[in-house]
Amino acid sequence: MAKQYDVLFRLLLIGDSGVGKTCLLCRFTDNEFHSSHISTIGVDFKMKTIEVDGIKVRIQIWDTAGQERYQTITKQYYRRAQYAPEGVQKILIGNKADEEQKRQVGREQGQQLAKEYGMDFYETSACTNLNIKESFTRLTELVLQAHKKELDGVRTRASNEMALAELEEDESKPEGPANSSKTCWC
Ligand SMILES: Nc1nc2c(ncn2[C@@H]2O[C@H](COP(=O)(O)OP(=O)(O)OP(=O)(O)O)[C@@H](O)[C@H]2O)c(=O)[nH]1
């Protein structure tokens with residue numbers, strides 16, 4: 001059976017209560033949007049596998065509560081992330097981009113803040129599905145880049161496995177032009 005993923009990492013969603021962290025997560029993992037605000041209690045998580053540069057990446061996405069009363073719990077999660085030996089990759093997201101009239105933070109303000117912290121900036125909408133896949137994919141790319149050395153081994157293994165699977169598939173096919181997978185245009 002084909003391996004389900006090559007690497008696994010953990011991603012943390014942090015931000016004030018009501019900014020749309022749970023909705024970003026539900027849009028990304030299940031392509032769903034809920035208009036009600038049910039505050040996250042403590043932390044919750046969902047999983048999603050995406051493929052970037054031929055590598056199957058399984059992401060465990062932790063959704064933290066924005067409400068202050070859960071800060072003692074949620075802080076433990078950021079702290080653990082801070083001590084990661086390879087450092088932490090971050091991006092800044094301004095959500096609810098569909099609500100232009102109710103905008104609280106200017107786009108330039110967001111871009112400036114992201115620049116100060118050396119982060120990429122995305123304006124998203126969980127409601128209209130704007131930049132959801134793009135922002136999660138970008139963060140995944142940053143994590144993969146930060147772990148480039150370990151990944152070279154994974155990439156070699158993945159391409160060897162793919163070559164082996166293709167070989168096995170070819171060997172199981174009966175010979176003859178009718179079964180040839182190549183198309184000739186001449
Ligand atoms: N218009 C619009 N509303 C959104 C968007 N994302 C979330 N919302 C709404 O904002 C409210 C809060 O969303 P949540 O995802 O529950 O917010 P949260 O950041 O997880 O909140 P806590 O769990 O309390 O930290 C809900 O009513 C959502 O429907 C968006 O992109 N556009």
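Numbering of residues begins at 1 and proceeds along the displayed sequence. Just follow the structure's listing: the first ligand is 1, and inside any ligand the first atom is 1.
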Quiz item: Taking NZ, NE, NH1 and NH2 as the nitrogens, is one of them in Glu123 or Arg107 under 4.0 Å from a carboxylate oxygen of the other?
Solution: yes

Quiz item: By number and element, which atoms of ligand 1 are closer than 4.0 Å to a non-hydrogen atom of Lys21?
Solution: 15 (O), 17 (O), 18 (P), 19 (O), 20 (O), 21 (O), 22 (P), 25 (O)

Quiz item: For ligand 1, is there an N or O atom under 3.5 Å from any N or O atom of Ala97?
Solution: no

Quiz item: Counting heavy atoms only, which of Ser35, Cys26, Ser39, Gly20 comes nearest to atom 17 (O) of ligand 1?
Solution: Gly20

Quiz item: Would you say the side chain of Leu92 lies within less than 4.5 Å of the side chain of Asp120, judging by non-hydrogen atoms?
Solution: no

Exercise. Taking the side chain as every heavy atom from C-beta outward, state whether Lys148 and Leu151 have any atom pair closer than 4.5 Å.
Key: no

Practice problem: Please determine if Thr124 has a nitrogen or oxygen closer than 3.5 Å to a nitrogen or oxygen of ligand 1. | Solution: no

Quiz item: Any idea which atoms of ligand 1 are less than 4.0 Å away from a heavy-atom of Gly66?
Solution: 22 (P), 25 (O)

Quiz prompt | Reference residue Phe136; test ring-ring contact (aromatic ring centres under 6.0 Å, His included); the match among Phe9, Tyr122, Phe28 | solution = Phe28

Practice problem: List the closest protein heavy-atom neighbour of atom 6 (N) of ligand 1: residue, atom name, distance to the nearest 0.1 Å. | Solution: Asn95 ND2, 3.1 Å

Practice problem: Considering only non-hydrogen protein atoms, determine which one is nearest to atom 16 (O) of ligand 1 and report residue, atom name and distance to 0.1 Å. | Solution: His37 CD2, 3.1 Å

Exercise. Please indicate whether any nitrogen or oxygen in Ile38 is less than 3.5 Å from any nitrogen or oxygen in ligand 1.
Key: no

Practice problem: With heavy atoms of His34 as the reference, note each atom of ligand 1 found under 4.0 Å away. | Solution: 28 (C), 29 (O)

Exercise. For Leu25 and ligand 1, answer yes if some heavy atom of the residue is under 4.0 Å from a ligand atom, otherwise no.
Key: no

Quiz item: Has ligand 1 got any nitrogen or oxygen that is less than 3.5 angstrom from a nitrogen or oxygen of Gln67?
Solution: no

Practice problem: Ignoring hydrogens, just give me the one of Ala126, Gly42, Cys23 whose non-hydrogen atom is nearest atom 15 (O) of ligand 1. | Solution: Cys23

Quiz prompt | Sub-4.0 Å heavy-atom approach of Gly18 to ligand 1 | solution = yes

Practice problem: Return the option from Glu123, Lys96, Glu99 holding the heavy atom at the smallest distance from atom 8 (N) of ligand 1. | Solution: Lys96

